[in-house]
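Here the structure comes first, spelled out in structure tokens, and everything after it is commentary.
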Amino acid sequence: MTHISDNSEYLDSMIKETEAAKFLGYTVRALQNWRVRGGGPAFIKSSRRAIRYRRRDLIAWAEAHRVSSTSEADFSASAA
């Protein structure tokens with residue numbers, strides 16, 4: 001059984017963009033484009049070149065884009 005604190009640590013730990021891309025099922029290039037253009041998941045820029053993501057933010061972003069039909073989808077703002 002997983003404890004809530006264990007789950008929280010997993011969700012809040014910072015991961016590199018390669019792991020974030022794999023987690024979401026997108027390419028690193030897609031994440032890079034979203035960082036420049038907007039519309040992607042929240043990220044943390046701890047230095048000029050160090051970009052990190054929290055799993056919690058990746059899940060929240062994916063859930064915000066969840067739809068049950070194509071008529072609900074709005075691809076104008078954040079298309080991949």
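Residue numbers count from 1 along this sequence.
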Test log, rule side chain to side chain contact (heavy atoms under 4.5 Å, CB included), inputs Leu11 and Ile59: CA-CA 9 Å; Leu11 292 173; Ile59 292 167; 3.7 Å; yes
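- Without hydrogens or angle criteria, Trp61 side chain to Leu24 main chain gives no donor-acceptor distance under 3.5 Å.
- Under the side-chain contact (heavy atoms from CB on, under 4.5 Å) criterion, Glu19 pairs with Ile15, Arg55, not counting sequence neighbours.
- The shortest non-hydrogen separation linking Ala30 to Tyr26 is CB-CB, 4.2 Å.
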Step by step, would you call Tyr53 with Phe23 a side chain to side chain contact (heavy atoms under 4.5 Å, CB included)? CA-CA 11 Å; Tyr53 291 87; Phe23 186 85; over 6 Å; no
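- The distance from atom CG of Leu31 to atom OG1 of Thr18, rounded to the nearest 0.5 Å, is 9.5 Å.
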Derivation of the side chain to side chain contact (heavy atoms under 4.5 Å, CB included) call for Arg35 and Glu17: CA-CA 11 Å; Arg35 286 199 305 268; Glu17 71 178 340; 3.0 Å; yes
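- Residues Val28 and Leu58 do not share a hydrophobic cluster, defined by chaining ILVMFWY side chains whose heavy atoms lie under 4.5 Å apart.
- Taken from CD1 in Ile51 to NZ in Lys16, the straight-line distance is 13.0 Å, to the nearest 0.5 Å.
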Trace of the side chain to side chain contact (heavy atoms under 4.5 Å, CB included) decision for Ser8 with Arg56: CA-CA 9 Å; Ser8 202; Arg56 181 180 309 278; 3.5 Å; yes
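- Scanning both residues, Arg48 and Lys45, for their nearest heavy atoms gives O-CE, 3.5 Å.
- Aromatic pair Trp34/Phe43: ring centres not closer than 6.0 Å.
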